[in-house]
Amino acid sequence: MGDLSDIRVFLAVAQQRSFTAAARQLSMTAPTVTRAVSALEQSLGVQLLLRTTRQVSLTSAGAVYAARVEPLIRQFDQVRDDLREEQGDLAGLIRINAPLSLGQQLLPDIVSGFRAEHPQVSVSLSLTDRFIDIVSEHFDLALRVSEAPRDRSAIWRKVCRVRRILVASPDYLAIFGTPGTPDDLSRHACIAYDEEAISETWELTNNGRTRKASAGKVLAANNGELIAKLVEDGQGLALLPHFIVGGALARGALKQVLADWEPPELWLTLYYPPYEKLPMRVARFSDFFERYVTQTRPL
């Protein structure tokens with residue numbers, strides 16, 4: 001079957017399609033990764049990977065081998081983790097994905113505080129505003145800001161509501177005027193906050209009345225911090241989470257508009273792969289995270 005450490009290295013290369021990226025992920029050197037894969041191929045007597053100057057791809061044998069051994073490695077790790085937890089040992093790695101703005105603001109303090117309590121736990125952080133697949137991309141936990149979860153293929157845990165507000169800079173409002181109703185937004189530059197940086201539809205409600213406005217005709221981006229800076233620079237209006245724009249509101253760099261009109265509710269949610277049992281270290285981190293965002297630093 002091959003040495004377990006070599007198999008893990010091979011699976012990392014297969015996932016990353018790169019020896020260099022796998023080396024970074026595993027905190028190893030590229031030559032060490034190359035030697036591990038070569039040793040595995042030699043022990044199996046088959047070529048698992050096709051190597052070119054541009055990319056790495058699986059051979060047909062490599063694809064079959066990866067599909068067969070990956071579940072076995074996961075089961076092996078689960079047995080190891082279960083035994084550790086029975087002995088009160090939380091040691092192990094937590095791979096976490098989070099949106100860029102949220103991760104930059106919250107995770108440094110949260111991870112530092114958690115590891116101060118549990119130094120035996122390792123943490124790998126990946127920040128992206130792309131909607132990732134936590135199963136195929138092998139994350140233990142994902143933080144998401146979204147509407148009420150509908151995904152039945154994953155386990156999810158609501159943490160808290162995330163307030164969103166419509167904002168503009170004082171200079172922009174002085175030049176273009178302050179919208180009095182959502183219908184006025186059609187005459188303004190509305191910046192879209194969209195995963196693909198294309199467009200966004202704002203739905204605003206007041207006393208049972210609902211109005212929609214289109215955003216993205218002038219500007220669109222897939223990162224809230226970037227949009228907030230564009231709004232501060234007078235480029236238009238945007239609908240953003242309060243945790244992104246709260247500081248700018250406090251110092252007067254941004255103003256809230258159409259305060260009586262509410263957007264749909266968003267939640268900060270923890271997503272997990274479909275575990276039969278949540279690993280103890282992931283459960284402990286989740287509890288620590290929830291305490292932080294609901295008690296220490298409410299959003």
Side-chain angles (χ1 to χ4, degrees), residues 25 27 74 77-78 80-82 84-86 88-165 193 195 222-225 228 240-247 264-299:
Q25 177 183 320
S27 299
R74 287 189 180 182
D77 290 344
Q78 187 63 57
R80 178 202 60 200
D81 291 344
D82 289 345
R84 284 176 171 174
E85 289 173 13
E86 288 176 6
D89 185 0
L90 299 183
L93 172 67
I94 305 176
R95 295 198 67 224
I96 301 170
N97 175 267
L100 186 60
S101 299
L102 183 77
Q104 288 177 324
Q105 291 199 26
L106 296 182
L107 288 181
D109 288 344
I110 290 175
V111 171
S112 297
F114 178 76
R115 292 204 69 254
E117 293 184 9
H118 305 287
Q120 72 274 40
V121 177
S122 302
V123 179
S124 172
L125 301 173
S126 174
L127 303 184
T128 175
D129 290 323
R130 176 176 60 86
F131 194 80
I132 60 102
D133 183 329
I134 58 176
V135 175
S136 66
E137 298 185 49
H138 310 297
F139 285 99
D140 299 298
L141 169 65
L143 315 179
R144 292 179 180 168
V145 176
S146 63
E147 295 183 9
R150 298 185 180 90
D151 187 355
R152 296 180 180 273
S153 65
I155 304 169
W156 47 266
R157 169 180 175 178
K158 283 184 175 180
V159 177
C160 63
R161 290 181 175 86
V162 176
R163 180 188 175 199
R164 286 188 298 168
I165 58 177
Y193 187 178
E195 181 181 335
N222 66 349
N223 177 259
E225 298 279 2
L240 292 169
H242 186 272
F243 71 82
I244 291 179
V245 298
E265 190 174 78
L266 290 186
W267 279 84
L268 173 58
T269 308
L270 302 180
Y271 274 78
Y272 312 96
Y275 291 115
E276 292 184 8
K277 177 185 176 184
L278 198 65
M280 184 61 68
R281 62 183 178 276
V282 178
R284 292 281 180 86
F285 181 87
S286 301
D287 292 341
F288 188 95
F289 179 89
E290 182 165 354
R291 285 196 303 272
Y292 184 89
V293 298
T294 58
Q295 299 175 23
T296 304
R297 183 185 170 182
L299 293 184

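Note that the structure is a prediction, hence the values are computed from the model and not measured. Excluded from the calculations below are hydrogen atoms, water molecules and symmetry mates; all remaining heavy atoms, backbone and side chain alike, are included. If you read the sequence from its start, that first residue is 1, and numbering goes on from there.
- With Gln105 contributing its side chain and Phe243 its backbone, the two residues share a donor-acceptor pair below 3.5 Å.
- Atom CZ of Arg281 is separated from atom CG of Leu278 by 10.0 Å, given to the nearest 0.5 angstrom.
- Across all non-hydrogen atoms, the minimal contact from Phe288 to Ile110 is CE2-O, 3.3 Å.
- To the nearest 0.5 Å, the span separating CZ on Arg157 from CD on Glu290 amounts to 4.5 Å.
- Using modelled atom types and a 3.5 Å distance limit, the side chains of Asp129 and Asn222 yield no donor-acceptor pair.
- Separation of atoms CD (Glu225) and CG (Leu240) is listed at 9.0 Å; rounding is to 0.5 Å.
- When all heavy atoms of Tyr272 and Ser286 are compared, the closest pair comes out as OH-OG, 2.7 Å.
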Q: Any chance you could lay out the side-chain contact (heavy atoms from CB on, under 4.5 Å) test for Leu102 and Leu268, step after step, and finish with the verdict?
A: CA-CA 10 Å; Leu102 183 77; Leu268 173 58; 3.6 Å; yes

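- Heavy atoms only, all atoms of each residue included: Arg164 and Pro264 are closest at NH2-O, 3.0 Å.
- The heavy-atom pair separating Ala228 from Ile244 by the smallest distance is CB-CG2, 3.9 Å.
- When each of Thr128, Ile134, Leu143 is paired with Asn97, the side-chain contact (heavy atoms from CB on, under 4.5 Å) condition holds for Thr128 and for no other.
- Interatomic distance, Arg74 CZ to Tyr275 OH, rounded to the nearest 0.5 Å: 8.5 Å.
- For the atom pair OG of Ser101 and OH of Tyr193, the computed distance is 5.0 Å after rounding to the nearest 0.5 Å.
- Nearest approach of Arg95 to Asp140, heavy atoms of both residues: N-OD2, 2.7 Å.
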Q.
Before you tell me yes or no, could you show the steps for Leu141 and Phe289 under side-chain contact (heavy atoms from CB on, under 4.5 Å), namely the whole-Å CA-CA distance, both residues' side-chain angles and the distance that decides it to 0.1 Å?
A. CA-CA 11 Å; Leu141 169 65; Phe289 179 89; over 6 Å; no

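- Note: Cys160 SG to Trp267 CH2 = 7.5 Å, rounded to the nearest 0.5 Å.
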Q) Going through the distances and angles, do His118 and Ile94 end up as a side-chain contact (heavy atoms from CB on, under 4.5 Å)? A) CA-CA 12 Å; His118 305 287; Ile94 305 176; over 6 Å; no

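- Proximity of a side-chain donor or acceptor of Arg115 to a complementary backbone N or O of Ser122 within less than 3.5 Å is not detected.
- Across every non-hydrogen atom of Gly103 and Pro108, the tightest pair is O-CD, 3.3 Å.
- For the pair Arg284 and Phe114, the cation-pi test (distance below 6.0 Å, angle within 45°) is failed.
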